[in-house]
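Below you'll find the structure, written out as structure tokens, and then a few comments.
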Amino acid sequence: MSIFASGEPPPLAPAARADAIRLGRVNDLLRFPDGFLFGASISAYQTEGGNSNTDWWWWEHIASTPCREPSGDACDFYHRYGEDVAMLAHFGLNSFRFGIEWARIEPAEGEFSRAALAHYRRVLEACHERGVVPMVTFHHFTVPRWLHEMGGIASERFPSLFERYCDRAAAALGDRIGYACTMNEPQGLGSSGWLLGINPPGHTDDRDGAQRAVDNLLEAHRRGAAAIRARAGVPTGVTLALPDLQYEDGAVPGSSSLELESKVSDWFFELARRDDFIGVQTYTRFRYGPEGPRSPGHDWSDTTRELTETDETTQMGYEFYPEALGGAIRRAHLTCPGVPILVTESGIATTNDQKRIAYIDRALREVLACLGEGIDVRSYMYWSLLDNYEWALGYAPTFGLVGVDRQTFTRHPRPSATWLGSVARAKVLPIYGEVARSAAGAGTEPVQSV
Ligand code: BGC
């Protein structure tokens, strides 16, 4: 019998019954609750293409840019959203997280584009037509060029300008939005833009700027979330990058950039206690010993770090460690008890799609374990639906369930897409250690869960 089969199982011969009872119990443990959202995420800037009115476009084109290549047309998602949403639904996924680009919606200060808002409404409609719940991110790293020129997120005007943008976008789109994420991973933006110089505006060691940016982001989330709720009444929250920080052999927490980010996350958690959900995102763990960092790729701010994939690491140079998701969910739960958790990003950059399936499989087992502990987890959104443009690195890593030909923009779904879609349809994971089948017709090799 297919492990993905839904509905009533066929009658069993008596000899098979004892085993079936045992497997039935196992299956219950591997079952996701009704209403659980399985989906994939993208951001606007990394997929739409042509976002020339943003700070990142400026950053990609200055002589000292750390970016290997400009984002250019990216995946041309701006024009191809219809086929992409249809494809996601066809896999069996029931939710899609995408971003709206502030620079398109408000191309000049105080001037709002009806055409851009109408465009995003069409993207939302495409989701509804396919039975896909849309999760919308209002800010995913980029700001309009005019705002960048007045200081970006470190400008004292940032919180009120963000509030107004949220208000206008929620007024135009809110009735079609399923879940609203005010900001993506704001915990890292102060340090990456003002201390480390790896994001616009590219300042280094500007402690005042970093502090202003963090204070403004906190205030902007508070005000933006209130505006979205007031206008549209949709569940609203913030998404945080929560790598699993593990201290071993008596190591004590230090002040690496990752650990500073983690402290900023605690401030966002304070606000999130009053939110409708908390968005959890994680990719790996970082281990620390008394001698210092023990994990490969631990200095994720070093854009020249080794990006070679091995059996133990991913294309991003991180340790292959899907179990980080359990650590991130438990941290969010302990810090914000009672607040529902959405896994808004979890993923792996790899050239080996079987490894991607193994990663998702193990990450989903972590979600099930957390559900079993009584934690209210409501979604698993894989990053990314498409092979996206990667911040400061250019096109190199392949995160996608779907490959994208950069010349023709042709989409090439990978076996992992149909595999995750099959799990989503059945709401059950294959039994651990058993051969996980790709969806029928995918024409792919069977995959051994690891
Ligand atoms: C970000 C994405 C990014 C991904 C992989 C996440 O932190 O939200 O924009 O592409 O990590 O680096």
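Both counts, for ligands and for their atoms, begin at 1 and track the order of listing. Treat the numbers as computed from the prediction; the structure is a model and nothing was measured.
- A salt bridge does not link E48 to R80: none of the charged nitrogens lies less than 4.0 Å from a carboxylate oxygen.
- Regarding atom 7 (O) of ligand 1, its nearest protein heavy-atom neighbour is E185 OE1, 2.5 Å.
- The environment of E156 atom CD is sparse: at most 12 non-hydrogen atoms of other residues, nucleotides or ligands sit within 6.0 angstrom.
- The nearest protein atom to atom 1 (C) of ligand 1, hydrogens excluded, is given as E345 OE1, 3.4 Å; this is a heavy-atom distance.
- With Y78 as the aromatic partner, R104 meets the cation-pi criteria of under 6.0 angstrom to the ring centre and within 45 degrees of the ring axis.
- Comparing F399, Y389, W391, Y283 by heavy-atom distance to atom 11 (O) of ligand 1, the nearest is Y283.
- One finds a salt bridge joining R362 and E323 here, because a Lys/Arg side-chain nitrogen approaches an Asp/Glu carboxylate oxygen to under 4.0 Å.
- Listed by atom number, the atoms of ligand 1 under 4.0 Å from M316 heavy atoms are 12 (O).
- The side chain to side chain donor-acceptor pair (under 3.5 Å) test with N184 singles out one residue from T137, T239, T344, and that residue is T239.
- Regarding atom 3 (C) of ligand 1, its nearest protein heavy-atom neighbour is E390 OE2, 3.6 Å.
- When hydrogens are left out, the protein atom nearest atom 2 (C) of ligand 1 is W383 CZ2, 3.6 Å; that is the closest non-hydrogen contact.
- A salt bridge links R378 with D376: at least one charged nitrogen is closer than 4.0 Å to a carboxylate oxygen.
- Ion pairing between a basic and an acidic side chain is recognised when a charged N comes within 4.0 Å of a carboxylate O; R414 and D387 show such pairing.
- Taking any N or O of S43, backbone or side chain, none lies under 3.5 Å from an N or O belonging to ligand 1.
- When the heavy-atom distances from atom 8 (O) of ligand 1 to N184, I348, T282 are ranked, the shortest goes to N184.
- Residue-ligand proximity, H140 to ligand 1, at heavy-atom distances under 4.0 Å covers atoms 1 (C), 2 (C), 8 (O), 9 (O).
- Residue-ligand proximity, Q46 to ligand 1, at heavy-atom distances under 4.0 Å covers atoms 2 (C), 3 (C), 9 (O), 10 (O).
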